[in-house]
Amino acid sequence: MKRYEALARHPLAIAGALITTASAVVFIALLIAEFAGLFANPYAGLVVFIALPAVFLIGLLMIPAGMWLEQRRLLRDPTTPTDWPVIDLNTRRVRRTVLLFTALTAVNVVILLVAGYGSLHWMDSPQFCGQVCHEPMHPQFTAWRDGPHSRIACASCHIAEGAQGFVNAKLAGTRQLVHVITGNVPKPIPPGAHLPPGALVESCQSCHRPSRTGADRVRVIREYADDESNTETVTVLQMFMGGPTSAGHSIHWHADPANKIEYVATGSDRQTIIYIKATDAKGEVKEYRAADVTDQAISSGIRRTMDCADCHNTVGHPISPTAERMVDRAIAAGELSQKLPFARREGVRLVSASYSSQDEAANAIDRGIRDFYAKQSGADAQAVSRASAALQDVYRRNVFPAMKVTWGSYPENRVHIASPGCVRCHDDEHKAKDGSAINGDCEYCHKEIQQQQ
């Protein structure tokens, strides 16, 4: 025993013992905090169950490594003293040293605990995702910040529940980190690239209840012409939201947990669906195919079970598919004055142009709108200034030249105006063996109840 104690005197072994002890204390403290529910993010598991045990293991390995080095030193020079120093607490100087060492150790442990707690919350923050990887995630971070889910942390949606979801997220994160380091980040980042199938189901259902039947909603769509007066057209739709207990047509029939919709798509963006298998609450199964689709095409396509993100695919990062829509919204909100002649036409022209950076775009948009209205007699100067700011904001929130993100980079499946959306399936062309087809009638999901010009 005395020999092993002598071997443990090597600085590496002592450092290993200190690291092991400190990491063990921090691990126990954070483990208690984890079980107490103080950490609500998946990254806590990464630190508590992976990082700290790894540090603990490194400390353990340092102890025998130090003992081996000490043994080699003793073999080279047997006269090396091996006795441990005697700590005599009866000596005032020794007592002070021991007390000081103990106090500093306690302070170090507290620092590690606070740092660990702070790092967990920092990794849980959207600022970590959006600002640490500033350029690659700039489009997504900006869209999230301006979107309806800006109070929901990234990790809440991008990491699925359970061990498999955690491992998948960490593997994806490692791959993305390599892409950032090597400069091989895809531009633009593919839609849904970070989301494994079903990743959003638990996250969405933590706030939204698919078992609830929703009342119909009224949606007002305001569009403007490119004429001098920016003529407004208003379309009012009654949306058949529905739910599990709804009779007849229902948008959210797909969300009923009793129904299961499986489909096969071609292409990573899943914009072309060639096969649908619907299993209803009674267990009845019906299969639909697009025209001239072969069994080989179905077997080689991307098979998924439909979830929230198949329709609400841009709800977390709403980047508009068209410049026209965003300019119309700016006019409807009063940010871009409808009284300015040709405001809609000029706004779409300026935000649709190609620029090398957002700074260049801001300057060009401001210069372009001011130059145009300088030639228009009687244009309100304040309205022109507000129009410039509104159009700059429209561009800033939707176009990111550094990442090659522009209008249409991310199709929106919740609608079917600029991209197929619902019509990917509801087109009267996906037919079953009995000749029936998935209904493509416009009034299957909504009805126009008013239109004025």
Side-chain angles (χ1 to χ4, degrees), residues 160-161 191-192 195-205 208-217 237-315 411-417 419-447:
E161 296 289 337
L195 297 173
L200 285 179
V201 175
E202 298 88 353
S203 300
C204 295
Q205 292 182 6
H208 305 281
R209 293 184 295 164
S211 59
R212 184 184 68 180
T213 298
D216 290 351
R217 295 182 183 178
L237 298 177
Q238 178 182 355
M239 311 298 295
F240 305 140
M241 307 306 296
T245 61
S246 300
H249 306 164
S250 168
I251 293 174
H252 281 155
W253 177 85
H254 312 79
D256 184 354
N259 299 319
K260 183 179 181 181
I261 311 297
E262 301 168 84
Y263 69 88
V264 174
T266 59
S268 58
D269 59 357
R270 302 196 296 274
Q271 291 302 294
T272 302
I273 295 178
I274 60 175
Y275 167 85
I276 301 102
K277 178 181 178 181
T279 305
D280 63 19
K282 298 178 181 179
E284 297 180 357
V285 178
K286 205 161 191 179
E287 299 177 82
Y288 301 87
R289 296 180 180 221
D292 302 324
V293 171
T294 63
D295 292 339
Q296 182 180 1
I298 294 174
S299 61
S300 60
I302 302 172
R303 182 178 291 267
R304 279 178 57 95
T305 298
M306 187 175 181
D307 60 27
C308 311
D310 285 299
C311 291
H312 299 275
N313 63 317
T314 62
V315 69
E412 183 181 6
N413 294 333
R414 190 171 55 92
V415 294
H416 49 84
I417 299 175
S419 54
C422 313
V423 184
R424 292 177 299 163
C425 298
H426 291 269
D427 59 355
D428 285 325
E429 297 296 328
H430 290 77
K431 297 183 178 180
K433 291 183 179 179
D434 61 5
S436 60
I438 299 179
N439 199 313
D441 185 2
C442 293
E443 295 197 354
Y444 192 75
C445 296
H446 54 69
K447 179 176 67 175

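Quantities reported herein were computed from a predicted structural model and do not represent experimental measurements.
Taken to the nearest 0.5 Å, the SG atom of C445 stands 10.0 Å off from the CE atom of M241. Of the inter-residue distances, the one linking L237 atom CG with D216 atom CG reads 12.0 Å to the nearest 0.5 angstrom. Atom CD1 in I273 sits 11.0 Å away from atom CD1 in I261 (nearest 0.5 Å). With rounding to the nearest 0.5 Å, the separation of CZ in R217 from NE2 in H446 is 15.0 Å. In this structure, CD1 in I251 is found 4.0 Å from CE in M239, a value given to the nearest 0.5 Å. Rounding to the nearest 0.5 Å places OG1 of T305 at 8.5 Å from CZ of R303.
Nearest heavy-atom pair across R270 and Y263 is NE-OH, 3.2 Å. Contact record, Y444 with F240: O-CD1, 3.9 Å, taken as the closest heavy-atom pair.
Distance alone, capped at 3.5 Å, places no donor-acceptor pair between the S436 side chain and the A432 backbone.
Residues I298 and R289 have side chains in contact (heavy-atom distance under 4.5 Å, counting atoms from C-beta outward). Put simply, the side chain of R414 does not reach to within 4.5 Å of the side chain of T314, judged on heavy atoms.
Shown here are the salt bridge (Lys or Arg N to Asp or Glu O under 4.0 Å) partners of D292, two or more places apart in sequence or in another chain: there are none. Scored by the side-chain contact (heavy atoms from CB on, under 4.5 Å) test, H254 finds M306, H426 as partners (sequence neighbours excluded). Applying the side-chain contact (heavy atoms from CB on, under 4.5 Å) criterion to S419, with sequence neighbours excluded, gives Q271, P411.
Salt-bridge formation is not detected for the pair D441/K447: no Lys NZ or Arg NE/NH1/NH2 atom is positioned less than 4.0 Å from an Asp or Glu carboxylate oxygen.
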Pair up each side-chain donor or acceptor in residues 274-281 with any protein partner under 3.5 Å, not counting sequence neighbours, and list the distances.
from: Y275; atom 1: OH; to: E287; atom 2: OE1; distance (Å): 2.3
from: D280; atom 1: OD1; to: K282; atom 2: N; distance (Å): 3.0
from: D280; atom 1: OD1; to: G283; atom 2: N; distance (Å): 3.1
from: D280; atom 1: OD1; to: E284; atom 2: N; distance (Å): 2.9

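With H430 as the fixed residue, the side-chain contact (heavy atoms from CB on, under 4.5 Å) test singles out one of V293, N439, I438: I438.
Applying the salt bridge (charged side-chain N to carboxylate O under 4.0 Å, His left out) definition to pairs two or more places apart or across chains, those involving residues 420-434 are K286-D434.
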